[in-house]
Amino acid sequence: MSQLRVRFAPSPTGYLHIGGARTALFNYLLARKEKGTFILRIEDTDVARSTQESTDAILQAMEWLGLSYDEGPFYQSERFDLYRAKVQQLLEQGKAYRCYCTAEELEARREAALKSGGKPKYDGTCRERRDQPAGVPFVVRFRSAQEGETCFHDRIKGPIVFNNEELDDLIIQRSDGTPIYNFVVVVDDAEMGITLVIRGDDHINNTPRQILLYQALGYAVPEFAHVPMILGADKTRLSKRHGATSVMAYEELGFLPEALVNYLARLGWSCGDEEIFSMADLIEKFTLDNVGKSAGVFNPEKLLWLNAHYIKTGDRQRLAALLQRHLVAKGIDTNNGPNLEAVVKTLQERARTLVEMADGAVFYYAKEIIADPEAVAKWCTAEARPGYEAVLSALTACNDFTHAGIESAFAGVMSATGLKLGKLAPAVRVTLTGSTASPSVYEVLETLGQERSLERLRNGLKLFAA
RNA sequence: GGUCCCUUCGUCUAGCGGUCUAGGACACCGGCCUUUCACGUCGGUAACAUGGGUUCGAUUCCCAUAGGGAUCACCA
């Protein structure tokens with residue numbers, strides 16, 4: 001066990017999105033690699049916006065991705081006593097003060113400042129206020145440093161310096177007594193012994209004020225590593241406009257968790273020319289040194305490619321179980337039909353997602369084949385009928401309905417009729433699958449089995465032009 | 001607007017002063033394979049934002065400019 005302690009601290013105001021998942025992944029990978037501790041903390045201090053459903057969704061997504069944590073989940077909503085005590089401590093030490101300005105007043109002043117070209121920061125009205133009017137609601141503000149500079153060495157971005165003049169006295173406790181993010185994140189990271197904070201770089205601007213807070217509270221300041229944002233194709237922050245952003249939406253779309261993990265890891269991190277990484281590979285090879293500094297564009301095409309790779313190389317039994325779920329979702333009963341693993345085998349190389357695989361598997365379980373009219377018109381012609389009938393009788397006579405047996409049945413027909421497979425197979429494919437695109441007819445025949453195949457082939461006779 | 005971050009093919013990236021006529025991957029285009037669709041395979045198009053420095057020598061270091069992103073809440 002090393003001293004490294006990292007955490008993922010999502011706010012339960014929605015599902016786990018792609019960006020959050022990558023942050024969680026990086027934390028997880030580093031913790032595992034360094035044999036450190038990975039902590040999960042739910043940041044639900046905003047009671048109005050936090051929901052149990054969101055928390056559940058986040059937990060579920062973490063589990064689906066295989067990101068297990070060592071401690072937690074901790075809920076900030078259960079730690080208000082701690083925060084109140086820390087606020088009190090700051091108040092007593094004169095490092096924080098009560099502010100009686102109302103939200104409306106502040107808003108008005110902000111606008112005025114902006115209009116006159118000034119900075120929209122708190123003007124310090126209550127900074128030196130001594131009286132404590134009874135019955136008047138107040139917030140607690142942190143007395144921030146007004147001069148000097150605050151700097152830190154980011155593990156990804158390098159040295160970053162802020163002029164303290166840019167910082168204002170931020171609110172650390174609302175008028176309803178609940179604490180605010182920038183305050184609790186400091187208290188919790190310190191109290192939980194976090195040694196390295198890995199988070200999105202949208203938090204860079206929060207870092208200096210948090211450092212000041214660590215110091216005011218007498219805590220050691222942890223290290224920081226700010227990972228770049230993930231952008232949409234138009235280079236703006238990834239959002240719903242760009243398609244699915246929820247991790248679990250990808251499961252529904254037929255993606256495998258290892259594909260998403262692999263993709264997310266490679267978005268912003270690299271290891272030479274390698275592209276394919278299992279979770280074990282990532283744990284072995286991940287380092288913050290190879291995380292890039294610039295924001296990356298989410299590329300669904302590449303995710304698709306990785307997913308196709310994992311489907312191609314995946315375990316059939318597992319894929320069969322996953323495929324069944326997608327088939328059932330389409331209202332298809334897989335009980336009266338070919339073995340699912342055999343079906344997976346024929347579709348593995350031609351499906352990029354489980355949804356595509358399910359689409360491609362539908363014909364196997366159809367009670368009746370409804371053939372594409374265009375395909376029928378093109379291949380089920382009077383001219384093709386003799387060959388088709390020859391195949392039908394050869395397959396009827398076949399007593400070894402395996403790939404090899406089927407192949408030799410076709411070979412027999414080909415030598416007897418002089419027709420090439422290109423003349424024989426298409427019509428068979430159409431009556432068997434209803435379409436011109438499918439796995440190899442030998443495979444389809446074998447997978448369907450003799451009984452079902454012959455039934456379809458006989459029914460198919462009706463499709464031929466007279 | 002202020003502040004902060006970022007800047008190699010369309011996209012993800014390799015590159016950590018000379019090995020760069022810049023490598024890999026996705027996508028795209030073409031050949032091959034082939035019973036369809038795919039897979040596979042071979043090949044191709046395609047990038048160091050711009051301008052100054054530093055240096056014997058810059059894709060690599062520094063500074064500007066431009067562009068992009070983030071952030072400026074009693075959200076996190």
Side-chain angles (χ1 to χ4, degrees), chain A residues 9-14 43-46 48-50 76 99 101-103 106-107 110 114 117-121 137-141 154 156-158 160-163 165-168 170-182 184-185 199-208 226 228-229 231 233 235-237 263 266-276 289-290 292-306 308 312 347-352 356 360 375 379 410 420-430 433 435-442 444:
Chain A
S11 141
T13 53
E43 309 233 319
D44 56 353
T45 55
D46 186 344
R49 299 202 310 154
S50 301
Q76 292 188 320
C99 170
C101 300
T102 66
L106 293 171
E107 186 54 35
R110 236 194 314 271
L114 228 36
K119 292 177 186 175
K121 47 187 262 189
F138 63 87
V139 299
V140 177
R141 283 184 187 273
D154 193 278
I156 291 172
K157 307 277 189 174
I160 297 178
V161 184
F162 282 86
N163 197 320
E165 288 167 25
E166 300 299 329
L167 280 23
D168 64 353
L170 75 162
I171 293 171
I172 58 178
Q173 189 180 81
R174 298 182 180 87
S175 50
D176 67 1
T178 58
I180 272 181
Y181 169 74
N182 272 309
V184 293
V185 74
R199 74 218 315 189
D201 73 5
D202 49 334
H203 284 287
I204 287 182
N205 291 314
N206 284 327
T207 307
H226 287 99
M229 299 273 86
L231 276 22
K235 303 239 185 186
T236 62
R237 191 179 187 147
Y263 178 72
R266 273 290 287 110
L267 212 197
W269 172 84
S270 62
C271 185
D273 285 343
E274 291 181 63
E275 293 289 348
I276 305 296
D289 299 332
N290 294 319
K293 294 178 172 185
S294 52
V297 174
F298 185 79
N299 183 349
E301 292 291 334
K302 189 153 182 179
L303 206 210
L304 223 30
W305 173 75
L306 279 165
K312 258 179 289 187
L347 261 15
Q348 263 179 310
E349 293 198 333
R350 49 201 101 222
R352 294 180 301 175
E356 282 184 9
W379 298 106
F410 269 85
K420 291 196 170 184
L421 191 54
K423 291 287 181 191
L424 259 19
V428 173
R429 166 173 286 112
V430 171
T433 73
S435 139
T436 55
S438 82
S440 132
V441 293
Y442 296 164
V444 172

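Convention: sequence-line order gives letters A, B, ...; per-chain numbering from 1. For the numbers below, each heavy atom of this structure counts, side chains included, while hydrogens, waters and symmetry mates do not.
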Participant: Using whole Å, report how far CD of A/Glu274 lies from P of B/C12.
Facilitator: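 Atom-to-atom, A/Glu274 to B/C12, this comes out as 20 Å.
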
Participant: At 4.0 Å (heavy atoms only), tell me whether A/Gly360 reaches a base, stays on the sugar-phosphate, or touches nothing.
Facilitator: nothing

Participant: Side chain of A/Arg110: nearest nucleotide among B/C37, B/C74, B/A27?
Facilitator: B/C74

Participant: So which of A/His226, A/Lys293, A/Lys157 actually passes side-chain hydrogen bond (donor to acceptor under 3.5 Å, both in side chains) with A/Asp201?
Facilitator: A/Lys157

Participant: Show me the protein contacts with nucleotides 61-70 of chain B, counting only N or O atoms at under 3.5 Å.
Facilitator:
unit_1, atom_1, unit_2, atom_2, d
B/A70, O3', A/Arg237, NH1, 3.3

Participant: A/Glu349: what forms a salt bridge (charged side-chain N to carboxylate O under 4.0 Å, His left out) with it, not counting sequence neighbours?
Facilitator: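 Testing A/Glu349 for salt bridge (charged side-chain N to carboxylate O under 4.0 Å, His left out), a comparison that skips the adjacent residues, returns none.
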
Participant: What is the distance, to the nearest angstrom, from the NZ atom on A/Lys302 to the P atom on B/C9?
Facilitator: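 Answer to the nearest Å: 15 Å.
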
Participant: Of the options B/C37, B/U7, B/C5, whose atoms approach the side-chain atoms of A/Ile160 most closely?
Facilitator: B/C5

Participant: Classify the side-chain pair A/Thr45/A/Arg174 by whether it contains a donor and acceptor separated by less than 3.5 Å.
Facilitator: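 Not at all, the side chains of A/Thr45 and A/Arg174 share no donor-acceptor pair under 3.5 Å.
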
Participant: The criterion is side-chain contact (heavy atoms from CB on, under 4.5 Å); which residues satisfy it with A/Arg237, sequence neighbours excluded?
Facilitator: A/Asp202, A/Met229

Participant: Does the B/C39 base have a donor-acceptor partner in the side chain of A/Arg350 within less than 3.5 Å?
Facilitator: no

Participant: Among all residues two or more places apart in sequence or in another chain, which pass the side-chain contact (heavy atoms from CB on, under 4.5 Å) test with A/Arg266?
Facilitator: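 Expected list: A/Asn262, A/Ser270, A/Glu275, A/Phe277, A/Lys302.
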
Participant: Once you apply a heavy-atom cut-off of 4.0 Å, does A/Lys420 come out as touching a base, just sugar-phosphate, or nothing?
Facilitator: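 No contact.
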
Participant: If you look at every strand shown and take non-hydrogen atoms under 4.0 Å, does A/Asn206 touch a base, only sugar-phosphate, or nothing?
Facilitator: base

Participant: Out of B/C74, B/C39, B/A76, which has the shortest distance to the side chain of A/Glu349?
Facilitator: B/C39

Participant: Between B/U11, B/C39, B/U3, which nucleotide has the shortest distance from any of its atoms to the side chain of A/Asn299?
Facilitator: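 Selected nucleotide: B/U11.
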
Participant: Less than 3.5 Å between a donor and an acceptor, one on the side chain of A/Thr436 and one on the base of B/C37, is that the case here?
Facilitator: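 It does not, because no donor-acceptor pair links the side chain of A/Thr436 to the base of B/C37 below 3.5 Å.
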
Participant: Holding to salt bridge (charged side-chain N to carboxylate O under 4.0 Å, His left out), I want the full list of residues that pass it with A/Arg141, two or more places apart in sequence or in another chain.
Facilitator: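 With neighbours one apart ignored, the set is empty.
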
Participant: Nearest to the side chain of A/Lys293 - B/C72, B/U36, B/C6?
Facilitator: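 Out of B/C72, B/U36, B/C6, the nucleotide with an atom closest to A/Lys293's side chain is B/C6.
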
Participant: If you measure only the distance, is there a donor-acceptor pair under 3.5 Å linking the side chains of A/Thr13 and A/Arg49?
Facilitator: no

Participant: Looking only at the side chain of A/Leu106 (C-beta and beyond, no hydrogens), which of the listed nucleotides B/A27, B/C74, B/U35 gets closest?
Facilitator: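 Minimum distance to the A/Leu106 side chain belongs to B/C74.
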
Participant: Distance criterion of 3.5 Å, no angle test: do you see the side chain of A/Ser440 paired donor-to-acceptor with the base of B/U35?
Facilitator: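 Yes, the side chain and the base share a sub-3.5 Å donor-acceptor pair.
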
Participant: Looking at residues at least two apart in the chain, or sitting in another chain, which of them share a side-chain contact (heavy atoms from CB on, under 4.5 Å) with A/Glu165?
Facilitator: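 With neighbours one apart ignored, the set is A/Asn163.
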
Participant: Excluding sequence neighbours, so at least two apart, what forms salt bridge (charged side-chain N to carboxylate O under 4.0 Å, His left out) with A/Glu301?
Facilitator: none

Participant: Write down the distance between CD (A/Gln348) and P (B/G40), rounded to a whole number of angstrom.
Facilitator: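 Rounding to the nearest Å, CD of A/Gln348 and P of B/G40 are 13 Å apart.
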
Participant: Please classify the nucleic acid contact of A/Pro439 as base, sugar-phosphate, or nothing, using heavy-atom distances under 4.0 Å.
Facilitator: base

Participant: Measure from the side-chain N and O atoms of A/Asp44 to the backbone N and O of A/Gln76, and report whether any donor-acceptor pair falls under 3.5 Å.
Facilitator: yes

Participant: Could you list the residues that satisfy salt bridge (charged side-chain N to carboxylate O under 4.0 Å, His left out) with A/Lys121, not counting sequence neighbours?
Facilitator: none

Participant: Looking only at atom C1', what distance separates B/A73 and B/U65, rounded to whole Å?
Facilitator: 34 Å

Participant: So, do A/Thr436 and A/Val430 sit near enough that their side-chain heavy atoms are less than 4.5 Å apart?
Facilitator: yes

Participant: B/C39: syn or anti, with syn meaning chi within 90° of zero?
Facilitator: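 Syn, angle within 90° of zero.
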
Participant: Evaluate the ring planes of A/Tyr181 and A/His203, with Trp represented by its six-membered ring, and classify them as parallel (under 30°), tilted (30 to 60°) or perpendicular (over 60°).
Facilitator: tilted

Participant: Closest heavy-atom contact between A/Val444 and A/Pro439?
Facilitator: CG2-O, 3.6 Å

Participant: Quick one: list whatever passes ring-ring contact (aromatic ring centres under 6.0 Å, His included) with A/Phe162, sequence neighbours left out.
Facilitator: none

Participant: Check nucleotides 58-60 of chain B for protein N or O atoms closer than 3.5 Å to its own N or O atoms and list the pairs.
Facilitator:
none

Participant: Would the base of B/G24 count as contacting A/Glu275 through its side chain, where contact means a donor and an acceptor less than 3.5 Å apart?
Facilitator: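 Side chain to base: pair found, below 3.5 Å.
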
Participant: Expressed in angstrom and rounded to an integer, what is the separation of A/Ile156 atom CD1 from B/C4 atom C1'?
Facilitator: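 Rounded to whole Å, this separation is 16 Å.
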
Participant: Sort me out a list of protein N/O and nucleotides 14-16 of chain B N/O pairs below 3.5 Å, or just none if empty.
Facilitator:
unit_1, atom_1, unit_2, atom_2, d
B/A14, OP1, A/Ser270, OG, 3.0

Participant: Classify the nucleic acid contact of A/Val297 as base, sugar-phosphate or nothing, counting any heavy atom under 4.0 Å across all strands shown.
Facilitator: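 Sugar-phosphate only.
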
Participant: Using whole Å, what does the distance between atom P of nucleotide B/C75 and atom CG of A/Leu170 come to?
Facilitator: 12 Å

Participant: Between atom NZ in A/Lys157 and atom P in B/U7, what is the gap in whole Å?
Facilitator: 8 Å

Participant: Atom pairs, N/O to N/O, protein against nucleotides 45-51 of chain B, distance under 3.5 Å?
Facilitator:
none

Participant: Could you check whether A/Thr45 gets within reach of a base, just the sugar-phosphate, or nothing at all, counting any heavy atom under 4.0 Å?
Facilitator: sugar-phosphate

Participant: Rounded to whole angstroms, how far apart are CZ on A/Arg174 and C1' on B/C75?
Facilitator: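 Rounded to the whole Å, the gap is 8 Å.
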
Participant: Measure CD1/A/Ile172 against P/B/A73 and give the value in whole Å, please.
Facilitator: 17 Å

Participant: Suppose we define a pair by two distances each less than 3.5 Å, Watson-Crick or G-U wobble; what does B/U71 pair with here?
Facilitator: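 Answer to the pairing question: B/G2, which forms a Watson-Crick or G-U pair with B/U71.
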
